[in-house]
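Some notes on the structure that comes next.
Below, chains carry the letters A, B, ... as their sequence lines are ordered, and counting in each starts from 1. Quick caveat, the model's predicted, so the values are computed rather than measured.
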Number of protein chains: 2
Amino acid sequence: MPSTTKAKSTSAEEIIAQLTDAVHEHRLKPGAKLREDEVSDVFGVSRTVVRQALRALAFEGLLTIEKNRGAFVSKPSLKEAHEVFQARALLEPSTARAAAERTTAGDIDLLERHIQEEHEALDRGQPGLALKLSGDFHLEIARVADQRTIEQFLKQLVSRSSLVIALYWRRRNALCESNAHHALVDALRKHDGTAAEDLMKGHLLDIYSQLDLREFEEGTTSLKEALRK
Amino acid sequence: MPSTTKAKSTSAEEIIAQLTDAVHEHRLKPGAKLREDEVSDVFGVSRTVVRQALRALAFEGLLTIEKNRGAFVSKPSLKEAHEVFQARALLEPSTARAAAERTTAGDIDLLERHIQEEHEALDRGQPGLALKLSGDFHLEIARVADQRTIEQFLKQLVSRSSLVIALYWRRRNALCESNAHHALVDALRKHDGTAAEDLMKGHLLDIYSQLDLREFEEGTTSLKEALRK
DNA sequence: CAGGCAATAATTGTATACAATATTTAATGA
DNA sequence: TCATTAAATATTGTATACAATTATTGCCTG
């Protein structure tokens, strides 16, 4: 957290990390604009490096850059939302199976600590942080599977999922999924690939089914725009 | 093709497209260095926009940027090579199935024209161009399936496949796969999703099995480095 | 007072200048 | 002659200045 006026001399990776966290934790909401010199003031670097960071984030799908207009937190359409979870359904179950065959005791520890932190964040009343940690859990499984390429894609998909959840989540209260993650770790511990694959498949369907992905907002993005004509 | 000394005023997208083609057609080989002011001379723009293009290509995996050293055409390791085809095996068969259910007459025309061009390139003695077109064929199927997200990932995977082929291709002569593509189009025409899925799976295995992915170069990249100590 | 139009301001896009780092070349000594 | 070191050169990293574009404001007109 930058204190008063300007923090100084941060690297591009640091900017990327902080903006990513902010979006994942829904402190920056879909549609929010990121002005270049505003960001460069906050981080105490020139626009050059800020632009680098913004473009990297745009490539991941977290931001959308409109020429001569600026960078905005992406607002995935309903179609994109579906596509994200279809892609996850293709990649993650198989990856969970592969992970089960390679899981070490250290991996189990790490994953359980992850779940622990997730619970603590929820108890502390930080649902945004919990959501971010939940996403990291999925990435961790790809790491355990030793699939860097898939992990990289998954990173993008998890990012976009966070945006989808911000836009289309049905009930804000739901504490959901913590069970699913626990069950997954159990399957990994037992090196039960089939169970891990099935659990992951079910878990993704669970999240997917808790989204409100009906047709209603294609084109009407904000109140302002909705009233414009 | 820039003629003599300097072409002028090209956009970043144009640079990305031309460099991508050059790598896909193996005119730029893995390990080749791309100096920034060299590229900016060729395209007649400042380093600013060249750097944008290089970073975008690095994000796709086509280039690797080493800090303070520059941008090089990527040289995927054996592990990466395996990962690329594992990821393709997860994404492409299902996508081919989805495509079969949505294929239109126009799509068929386009795909057949694609195969035609591929043959012509081979006959004309341009195997690099044929390879590039072959990659585009796979992307086209994702487009037919109306899966933009998967298409985007596949674009990266096809790019990396091109690098893998440049590095690990067994016999240079092989005219291979044209049959496989034809069979796939037939399945799409009949809306036979199961056949399309199976054909794609087999096709990918075919390519994969024609690679020479044994352990021999992990770590020893060049003769020079091998002898250095 | 609404709607359009022009002038102004704000913001992004591009080029260039300078700083930091890496690579090459030259020089020195054993 | 070879290795080591130092200077010179070349290349990338960052900041800043300027150009192009977009957004905003105020004004004029109907």
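Side-chain contact of B:Gln18 with B:Glu14: a donor-acceptor pair under 3.5 Å is present, judged by distance alone. For the residue pair B:Asp107 and B:Thr104, a side-chain donor N or O sits within less than 3.5 Å of a side-chain acceptor on the partner. For the residue pair B:Glu92 and B:His138, a side-chain donor N or O sits within less than 3.5 Å of a side-chain acceptor on the partner.
Look at CG on B:Leu63: it is 15 Å from C1' on D:dT12, rounded to the nearest Å. Atom pair A:Ile65:CD1 and C:dT12:C1' shows a separation of 11 Å (rounding to whole Å applied). Atom CZ in B:Phe72 sits roughly 10 Å away from atom C1' in D:dT11 (whole-Å rounding). One interatomic measurement links the two molecules: CZ of B:Arg35 to P of C:dA22, which rounds to 18 Å at whole-angstrom precision. In this entry the distance linking NZ of B:Lys67 with P of C:dT21 reads 8 Å, nearest Å. When rounded to the nearest whole Å, the span between CG of B:Asp37 and C1' of C:dT16 equals 13 Å. Remark: C1' of C:dT16 and CD of B:Glu36 are 14 Å apart, rounded to the nearest angstrom. Rounded to whole Å, the distance from CZ on A:Arg55 to P on D:dG13 is 17 Å.
Applying the 4.0 Å criterion to OP1 and OP2 of D:dG13, one finds that B:Arg51 has a side-chain N or O inside that range. Listed pair A:Gln52 / D:dT14 meets the phosphate criterion, a side-chain N or O lying under 4.0 Å from OP1 or OP2.
For A:Arg47, taking side-chain heavy atoms from C-beta onward, the closest of the listed nucleotides D:dT14, D:dA17, C:dA22 is D:dA17.
One distance of note links OG1 of A:Thr149 with CD of B:Gln156; it measures 9.5 Å at 0.5 Å rounding. Put simply, CD1 on A:Ile65 and CZ on A:Phe59 are 11.0 Å apart, with the number rounded to the nearest 0.5 Å.
Residues B:Thr48 and A:Asn68 both approach DNA chain D. Their nearest nucleotides, taken by heavy-atom distance, put B:Thr48 toward the 5′ side. Between B:Lys33 and B:Ser46, the residue anchored nearer the 5' end of DNA chain C, judged by the nucleotide with its closest heavy atom, is B:Ser46.
Between the base of C:dG13 and the side chain of A:Arg69 there is no donor-acceptor pair shorter than 3.5 Å.
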